[in-house]
Amino acid sequence: MTRSLTPRWYSPAEVAVLLGFGISKVKMKIATGELRSIKDGKYRRILPEWVDDYIREQVERQEAA
């Protein structure tokens, strides 16, 4: 029996792949506060719902324009 695990959080590199961005763009969005993240030791981590929030905010911004 094989179970696939769903990630509980992502690294900036994983988020870059999910969003189709470069790692530097993800880091910039984290630095500006557009994409929420936390620091876990020396690593930065992003919850899946924060990625969803970022996408939702981008869609709402485009629809309002």
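What you see is a predicted model; the values in this text were computed from it and never measured. If you read the sequence from its start, that first residue is 1, and numbering goes on from there.
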Problem set entry | Joint cluster assignment, I38 & V15, ILVMFWY side-chain distance < 4.5 Å |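 Same cluster.
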Exercise. Is there a path from L18 to L35 through hydrophobic residues (I, L, V, M, F, W, Y) whose side chains come within less than 4.5 Å of each other?
Worked result: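 Same cluster: L18 reaches L35 through Ile, Leu, Val, Met, Phe, Trp or Tyr contacts under 4.5 Å.
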Problem set entry | Rounded distance (nearest 0.5 Å) linking atom NZ of K25 with atom CD1 of I23 |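 It is 13.0 Å, given to the nearest 0.5 Å.
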For this session: Could you check Y10 against V51 for side chain to side chain contact (heavy atoms under 4.5 Å, CB included), going step by step and ending with a plain yes or no?
Result: CA-CA 9 Å; Y10 300 116; V51 176; 4.2 Å; yes
Exercise. Hey, are the side chains of I55 and L19 touching, using non-hydrogen atoms and a 4.5 Å cut-off?
Worked result: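 Yes; the side chains approach each other to less than 4.5 Å.
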Exercise. In chain order, what residues pass the side-chain hydrogen bond (donor to acceptor under 3.5 Å, both in side chains) check against T32, with sequence neighbours excluded?
Worked result: E34
Exercise. By side-chain hydrogen bond (donor to acceptor under 3.5 Å, both in side chains), which residues pair with Y54, not counting sequence neighbours?
Worked result: K29
Of all the heavy-atom pairs spanning [X] and [Y], show the shortest one and how long it is.
X: I30; Y: P12; result: CD1-CG, 4.2 Å
X: F21; Y: V26; result: CB-CG2, 4.0 Å
X: R44; Y: S37; result: CD-OG, 2.9 Å
X: D40; Y: R45; result: CB-CG, 4.2 Å
X: P48; Y: P7; result: CG-O, 3.9 Å

Problem set entry | Results of salt bridge (Lys or Arg N to Asp or Glu O under 4.0 Å) for R36 - residues two or more places apart only |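 Counting only residues at least two positions away or on another chain, R36 forms no salt bridge (Lys or Arg N to Asp or Glu O under 4.0 Å).
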Problem set entry | Polar side-chain atom of R56 near backbone of D52 as donor-acceptor pair, under 3.5 Å |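 Confirmed, R56 side chain pairs with D52 backbone.
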